[in-house]
Each structure stands twice: as C-alpha cells, then as structure tokens.
Amino acid sequence: MNFDFSDDQKFLRDEARKFLEAQCTMAQVREVLDDDSKSHNDGVWKKIVEMGWLGAAIPEEYGGLGLGMLELCVIAEELGRTLAPVPFGSSAYFFAEALKLAGSEEQKLALLPKVADGSVIGCIAVSEGPGETAAGNIATRLKDGSITGKKIPVTDGDIATHAIVLVKDGSSASLVIVDLNHSGVTRKSIKTLEPTRSHAVISFDGATADLLGEAGNGMPLLDQINDRAAVLLAFEQLGGASRCLEMANAYAKERVAFGRAIGGNQAIKHKLADMYVKNEVARSNAYYGAWALSSDAAELPEAAAAARVAASEAFWYASKENIQTHGGMGFTWEVDCHLFYRRAKLLAVQAGSPAVWKEKLVSALEAKND
Amino acid sequence: MDFNDTPEEAEFRAEAQAFLSQNLNAKTPGALRSGGREDFLARAKAWQKIKAEGGFAQITWPKEMGGRGGTVMQQVIWGQEEAKFDAPTGPFAIGLGMCVPTVIAFGSDEHKKKYVRKALMGEDVWCQLFSEPAAGSDVAGLKTKAVKDGDEWVINGQKVWTSGAHYSDYGILLVRTDPNVPKHKGLTMFIVDMKQQGVEVRPIHQASGGSEFNEVYFTDVRIPDSDRLGEPGMGWKVALVTLMNERLAVGGSPGPDWKEIMDYARSAGTLSNQAFRDKLADWYVAAQGYKLTKFRTQTALSRGETPGPENAIGKIINANHLQDICNSAIEMQDHFGIIVDKDEAPSDAIFQESFMWAPGLRIAGGTDEILKNIIAERVLGLPQDVRVDKEKTFAEMN
Ligand SMILES: Cc1cc2nc3c(=O)[nH]c(=O)nc-3n(C[C@H](O)[C@H](O)[C@H](O)COP(=O)(O)OP(=O)(O)OC[C@H]3O[C@@H](n4cnc5c(N)ncnc54)[C@H](O)[C@@H]3O)c2cc1C
Ligand SMILES: Cc1cc2nc3c(=O)[nH]c(=O)nc-3n(C[C@H](O)[C@H](O)[C@H](O)COP(=O)(O)OP(=O)(O)OC[C@H]3O[C@@H](n4cnc5c(N)ncnc54)[C@H](O)[C@@H]3O)c2cc1C
C-alpha cells in the first residue's frame, strides 16, 4: 500500500504553493472582491495559464501536459488555499473533463488544446432555479441543433467562451456544447455571496448547440462529470479549510485577552482540535477520491461523494469557526475570514449540495450491498 | 497512490491467510460483541501459542525476542487478515502491545529472558497499573508509594480501572518514590508479580454489566530492586513509552459500523427513510475517515517515519462514531430497542451491547477532552493549559 502522493507530486505541490503565495496574494483576490466590474483577476489567470496547469490532466495529443488526475488534485488544493479568483475549476474540472469523458475526437481536437492554452474558457450551465436540477425540471430545450432557455447561475458564465449546457431533449435530457460568443446568447453578471468568483445568467435564444455524448444521455453523463469534478472540488475545499485552521491557529496564539493568549482556553483549543479532526477526515476521504479518479476505479461514485461530503463539512466548520475565533475582527470586511466563509458556501453548493451528495453516496452503497 | 500489495506483501498475506484459515473459524456476526465468553481466556492463550509457534506473534519484534523480525506493513497485513477471523486476542493487547515493549525498552537482559518469551507464548498475561482513584487523566498525580528497604521496595496504595488484573500474572506498576519533588519527577516504574502476597484484586462491576477491569490494592508488597524499570525518579519517562505504544495498540474497536446498521435498516424496511439516509452518509464518511487515516499512518510507518500525536484523532472519531451509531439503531427500533435479550433483540443485540460499552471507550486510554488537548498543544502548538501544580512539589500539593 502507498496511500500518499509521490515525491514528484509533492514537489509539484511545493512549487505550486510557492508560486501562488507570490502571484496570488489576498490583495489580488481583493481586487476582484472590491471591483464589481471584475469577473476574475486577469493577471493571476494569465500566469496560471503560462504555468500550463489547465492542461495538467489533458493528454499530450490534445495539447496538454499529460500529467494526470493526481497532479490536478494537487493543484486544486493549492488553488483552494489561496482562494484563486480565476475560472480554473470551470474550465479544467468540468469542461475539459467532460470533453475527455464524452467528447468526440473532433470536439476534443478542437477544444482541449485551447483549454490548455487558455484561449478557450469553459464552464458548465445546469441550474435554472432553486433546488436540485433533475430531468423533470429542465426548461431549456434543444430543438433542431439549437437551444432556447435560461440558465442561472452559471459559475464563470460571464467570462467563459464555451459552456456545456444541460437541456431537455424530447422526453429526456442531453448535454450540449455552446459557443457563448455566437448569436442567440445573452449574458448578464449576477451578484452572489461569493464575489471573487463571477457568476452569470445566460439566456439562449436559438443558440447553436453541439451534442456532447449520446442524445438523451444527459443525466447519467452529468453524474459522471460531477463525480470527477467532485473530487477536484473536494481538494479545493480541503485547501481552504486548511488555511482557515492555520489562520485561526495563528490568531489564537497572538491575540491576548484576560491576560493570556486566547488559544490557552480550552473552548478555543478544542474548537481548533475539532477543526483539525474534520480536516483530516476530509483529507483522507479526498485522497481516496483521488485514487479512485486516477485509477478509473469502480468505487469512484462513493469515493467522490464521500470526499465531497467530508470536504464540505470541513470547510464549512473551519470557515465559520475561523470567524468566531477572530472575534469582532473576524466580522470585518478587511480581515480575510469572510472570504473563506463565502468560498466555502459556493464550493459546497456548486455541482450539488451536501444533501444531494449524501443521497448519491447512500444510493451507491445501497446498490453495492444488497 | 495505490492499495496494492507489493509482490512480497502479497506473498506474506497469502501465507497469513493460509495459516489463519487452518487454525481459526471465520468471523460470525456474534463475534462483534464486546463481551467475552466463559472460556475466553483459555481460548486466547491457546491461540496466542499457536500464533507464536507459527511465527505470527509480534511480527515486528526482533527474532531474538521471539518475534518475526518483520516489517510494519507485515504487522498491518496480519492485523487486517486476523480481524476477518474469530480470533480471541483481547487479553494480550495490553501486555504485548504496551507492557512487554516497555520491559524490552527498559529492562535488563535477565528481564528479557524471564518475561518476554513466556508472554509471547501466551503463558503470561500482563496488565497496566497506572490509574488511581485520584489520578486518571492526571496520572502523574498518583499516590501509591514505594519506600526502599534494603534491596527491596515496599509498596502501599491502590490502583483502579486495571483491565484484566483478575487474570494477569504480571503488571507494570507506576508508583511514587519521592514526594518532595514536582509530581512528574518523583515516579518510578516496576514489574510486579500479580500473584504475590499483599496484592488484592477486586473486580469492578462496570456500567455495561461486565467486569473487565478491577481495583488493585497493594499492602506491604515487596518488589526486589532488580525489578525496577529505569532509574528511580525516571518513571514518567518510562510511562511515556508505554503510553506511546498504547496509541498504536488501541485501534479499531469491535463494534457495529455503517454496514451493520445499513443491513439492519434494510431488514427493517427503514432504509428509505430520508433522515436515516442522511446519517448513514455521515457514518460512512466518518468510518472511511478513520480507516483511511490509518492507511496514511501506515504509509508513513512503512517509510520508517514515527507516528506522532496526530494518532489521537483515531480514537476520538471511533469512540464517538460507535456511540452515535448504536444510539440511532436503538431509536430506529423504537420501544423494542430497549430489549437486550439476544433471542428477541435484532442483530443479536450488538447495538444494545455496544451502546453500553461505548461510554467506556470515550474514557479509556485518554478521554476525548485529553486527546483534544493533545492535538491542540502538540500538533497545533497552542499554549498549554494552566498547570497550578507545575513548580510545586507533590507533597506541597497533597
Ligand atoms: C456586530 C457587532 C456589533 C458590536 N457592537 C458593539 C458596540 O456597540 N459597542 C461595543 O462596545 N462593542 C461592540 N461590539 C464588540 C463586541 O462586544 C466584541 O467584538 C466582543 O466582545 C468580542 O471581543 P473581541 O472582538 O475583542 O474578541 P476577543 O475577545 O479577542 O475574542 C476572540 C475569540 O476568543 C474567544 N475568547 C476570548 N476570551 C476567552 C476566554 N476567556 N475563554 C474562551 N474563549 C475566549 C472569544 O469567544 C472569541 O472567539 C460589536 C461587535 C460586533 C461583531
Ligand atoms: C474501559 C476502561 C479500561 C481502562 N483500563 C485501564 C488500565 O488497564 N490501566 C490503567 O491504568 N487505567 C485504565 N483505565 C483508566 C483510564 O486511563 C482513565 O479512566 C482515564 O485516563 C480517565 O481518568 P479518570 O477516570 O480518573 O477521569 P478524570 O481524569 O477524573 O476525568 C473526569 C473528566 O474530567 C475531564 N478532564 C480531566 N482533566 C481535564 C483537563 N485537564 N481538561 C479538560 N478536561 C479534563 C476528563 O476528560 C473527564 O471527562 C481504563 C478506563 C476504562 C474506562
């Protein structure tokens, strides 16, 4: 057994951390936070593109680095730690992975090299209203190769060039690829809880659509795409949760009340110990997800769901208790705690809330154990 | 990243499986129960002997100590395979896992000759005599005293919660030899013969109904100075080695987990209940978190790294997890859940039995609160709790 990343992967992690600490500081995250006109930090994005990370898991024949899923997991954790305000996840975890999974040779050749070099930014458009999206409640329709309807919210939808869209197709659902710069697409930014990651409302009015995978196979395919993305999102969540613990720990040691560091009180110590335990549970589950993802294991559905449930819980707990540990300071705009609290919520509900993933997990266990 | 055995590991696993299936029966649901059967000790001794003769006892110990001279991974593989069988190992966990390693670390050649082999062969059972009525979490505050008299020490005092003392042959005993220094500095460790005069073992009736631990009274018990482990006053350092081994020895507890409660829910027709499914997901995540964190530790061990205080998380997760699952299983059974009669209670009453055992798990081997302090102080580097007795001598404080 070797349940750890390899030395090369750890080296990549160290390099990514150094790079992001220098190139993606909180000041750069805040440039997006404090400027409504900014969908992302373009300077940071360009540098990330130059690093080639978008193509980390894209095979060389499609213009990527051809490293692998474990390397992408490593990068995801580091992006999560720094709250990178860029459309990386939409393009690399969802769009590129969906193409790898179900794209035709032609689609892959046309789009994957451009995802890798940053000239295409992909996103995924599923939600149309409150609650889980299911085959029965999709209003956006595919007819004769074009789509009509409205998707809200679409993460990175205002800056993306292409979207994978879930549409009603006859009596079932399909996934289609839409070039967002073509006619029949209008987009408007929408305010969310998490301003450092942009969101849009996208309206389609007869926009040209290219089928991804088989017609009518949209829901099962979406599940497969989400299973893969879930592991990567879990690593981002884990990175964020780890940062929250580090911030709370540092503050607990330096802040003095009642004549000593607040971290000397068990109410704070045990809170941080709980954070540590939750983060370790999340880390172990995320590693298992990474293993399943990288080895195409049959266990991927339950591994991905467990990774996602554990990471959502860990990031939620760490981000809220990090604010609490910071007292009144934690409730200010200037202190970074709220940025993690915001990101934690976005990542927890993007691609299915914890309740959705718990149900997926139990369904998978049920199917395996009867 | 992989879970595959290397060719050597696979070979060892096959060897272990063959040996186990030759000598033991596969596990039955009833084996999940924590309580022992009447002949438990005799069966445990017999199995320990077979294991030792087969070369599968204490796999990482050096050959000259009767071990296999094997790797940590082999020990892990053995543990995984042995757990699939109805193996009576309980009575030896403390002795071979904690006490005898302390004897090996601090004992003389004489000690090693006299004690190690017999313990390994299942002839002698050992217990750990640390806790006292006034010294549990704060075990360094213990009062049982030893006074030097020629070549001997005279012991007077009381220990409590001593697991297995009623069937133990020897124990490692932590006592106070100098009250006029701060508490940690006045302790000394001894080997004690449990069958000698002046040692009185009184079983404690546990909340769970059984009697697995005891009070042990020492009245003018004489221990030769040659049975001292470490220098006088060095007892705390010796005890830390025992307790470090405890972190490795105390691991998974036998008890129902997500799979058992899921099976029960299916049979009861409540698996479709949404509130239940929500909890089941959490239990699976916690169980995986525990299991996979152990895999990460094992990976580190196999690279020769030493496990640190972060191992405390295993026991925190596991004990609370067990308590929670049993509680829910009982509530799912509604009024019927109160029944412990095995002929009537679902699943052989494993949920009810473990429900009564779980509170002890959260206390034994370090309480939840102490383990959280350990994580906060030693892993996260937060300030130590206020220690009002730190600078004072034991005598001044008592
Ligand atoms: C929305 C809002 C409105 C406010 N309005 C007012 C106002 O109108 N007037 C006013 O005077 N103040 C006001 N305050 C300030 C508020 O009373 C303080 O923020 C609060 O008392 C905490 O103090 P602190 O921020 O210095 O945190 P700290 O005291 O530094 O606490 C930091 C963390 O340490 C913990 N901690 C501290 N000491 C201990 C201990 N002994 N044991 C265990 N844990 C401990 C705290 O619980 C907290 O989690 C307001 C604060 C907020 C957030
Ligand atoms: C099933 C079982 C088997 C055992 N077997 C053995 C054995 O074989 N040998 C042996 O020597 N001992 C054994 N013990 C004893 C065990 O180690 C002690 O019970 C344990 O260390 C707690 O000590 P205590 O019972 O004196 O509780 P206390 O230390 O009195 O604790 C009472 C409560 O106070 C809390 N507390 C104490 N100090 C602090 C602190 N600083 N901060 C916050 N909270 C605190 C504790 O967490 C607990 O909740 C066993 C116990 C059990 C339950």
Side-chain angles (χ1 to χ4, degrees), chain A residues 1-6 9 70 73 245-246 248-249 252-253 260-266 268-278 280-288 290-291 294-295 297 302-303 305-310 313 354-355 357-366 369-370, chain B residues 1-6 9 73 76-77 80 258-259 262-263 265-266 271-272 274 276-282 284-300 302-303 310 312-314 316-317 320 368-369 371-377 379-386:
Chain A
M1 175 179 7
N2 177 15
F3 192 43
D4 195 3
F5 288 99
S6 70
Q9 287 152 358
L70 292 177
C73 289
L245 175 54
E246 289 166 20
N249 191 7
K253 284 171 185 157
R260 61 172 175 155
I262 56 167
N265 299 297
Q266 285 191 356
I268 298 290
K269 288 166 82 166
H270 289 190
K271 185 197 291 303
L272 300 198
D274 287 341
M275 253 191 229
Y276 177 82
V277 171
K278 283 178 191 286
E280 289 304 301
V281 167
R283 182 170 294 283
S284 294
N285 277 290
Y287 280 24
Y288 190 61
W291 164 79
S294 65
S295 59
E302 63 263 31
R308 182 114 174 93
V309 171
E313 169 63 22
W357 284 98
K358 284 183 183 183
E359 181 50 41
K360 285 192 197 201
L361 172 53
V362 172
S363 303
L365 296 177
E366 217 177 347
N369 291 283
D370 68 346
Chain B
M1 202 178 265
D2 68 68
F3 296 98
N4 305 333
D5 288 336
T6 62
E9 285 164 0
M73 272 329 280
V76 167
I77 289 168
Q80 289 169 345
W258 66 269
K259 179 77 168 61
M262 181 171 157
D263 289 346
R266 181 182 284 110
L271 189 48
S272 59
Q274 200 52 54
F276 174 76
R277 296 171 79 81
D278 207 65
K279 285 188 185 171
L280 181 59
D282 287 334
Y284 177 81
V285 167
Q288 286 284 96
Y290 172 69
K291 181 177 105 180
L292 297 165
T293 302
K294 264 206 312 205
F295 286 173
R296 283 168 55 209
T297 308
Q298 286 158 12
T299 301
S302 73
R303 292 179 182 160
E310 60 275 8
I313 75 171
I316 297 181
I317 300 173
N320 286 280
D368 284 1
E369 291 75 19
L371 295 178
K372 285 185 190 181
N373 263 9
I374 288 175
I375 290 173
E377 293 178 10
V379 182
L380 302 176
L382 286 161
Q384 288 205 333
D385 278 3
V386 175

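Chain identifiers are assigned alphabetically (A, B, ...) following the order of the sequence lines, protein sequences preceding nucleic acid strands; residue numbering begins at 1 within each chain. Every value quoted in this text rests on a predicted model; they were computed, and no experiment measured them.
No other option in A/Phe5, A/Trp291, A/Tyr288 has as many heavy-atom pairs under 4.5 Å with chain B as A/Trp291. Per-residue heavy-atom pair counts under 4.5 Å with chain A were compared for B/Leu271, B/Ile375, B/Asp385, B/Thr6, and the maximum is reached by B/Asp385. Interface summary for chain A: among B/Ile313, B/Asn4, B/Val285, B/Asp263, the most heavy-atom pairs under 4.5 angstrom belong to B/Val285.
Residue B/Lys291: no heavy atom, backbone or side chain, is found under 4.5 Å from chain A. The contact between B/Arg266 and chain A is made entirely by side chain atoms (from C-beta outward), counting heavy-atom distances below 4.5 Å. Within the 4.5 angstrom heavy-atom criterion, only side-chain atoms of A/Leu70, from C-beta onward, approach chain B. In this structure, chain A has a heavy atom under 4.5 Å from the side chain of B/Met73, while its backbone stays farther away. Using a 4.5 Å cut-off between heavy atoms, A/Glu280 touches chain B through backbone and side chain atoms alike. Only the side chain of A/Asp274 comes within contact range of chain B, with heavy atoms under 4.5 Å apart. Proximity to chain B (any heavy atom under 4.5 Å) is restricted, for A/Tyr276, to the side chain, taken from C-beta onward. For A/Ser294, no part lies under 4.5 angstrom from a heavy atom of chain B. For chain A, no part of B/Asp368 is nearby; none of its heavy atoms comes within less than 4.5 Å. Both the backbone and the side chain of B/Glu369 come within less than 4.5 Å of a heavy atom of chain A. For A/Leu365, the parts sitting under 4.5 Å from any heavy atom of chain B are the backbone and the side chain alike. With a 4.5 Å cut-off on non-hydrogen atoms, B/Leu380 touches chain A through its backbone and its side chain both. For a residue to count as touching a neighbouring chain, one of its non-hydrogen atoms must lie under 4.5 Å from one of that chain's; by this rule A/Gln9 does not touch chain B.
With hydrogens and angles disregarded, no donor-acceptor distance shorter than 3.5 Å links the side chain of A/Asn249 to the backbone of A/Leu245. Between the B/Arg277 side chain and the B/Ala281 main chain, no donor and acceptor come within less than 3.5 Å of each other.
Side-chain contact, B/Gln288 with A/Glu302: no donor N or O sits under 3.5 Å from an acceptor N or O. Side-chain contact, A/Arg260 with A/Asn265: a donor N or O sits under 3.5 Å from an acceptor N or O.
The two residues B/Pro383 and A/Gly263 have their closest heavy-atom pair at CD-O, 3.5 Å.
For the side-chain hydrogen bond (donor to acceptor under 3.5 Å, both in side chains) test, residues two or more places apart in sequence or in another chain that qualify with A/Asn2 are B/Arg303.
Proximity of A/Met275 to A/Leu272: side-chain heavy atoms (C-beta onward) are separated by under 4.5 Å at one or more points. When side chains are defined from C-beta on, A/Arg283 counts as touching B/Arg296, because their heavy atoms get closer than 4.5 Å. Side chains of A/Lys269 and B/Glu377 form a contact here, defined as non-hydrogen atoms less than 4.5 Å apart.
A/Phe3 and B/Phe295 have perpendicular rings, their planes meeting at more than 60° on a 0 to 90° scale where under 30° would count as parallel.
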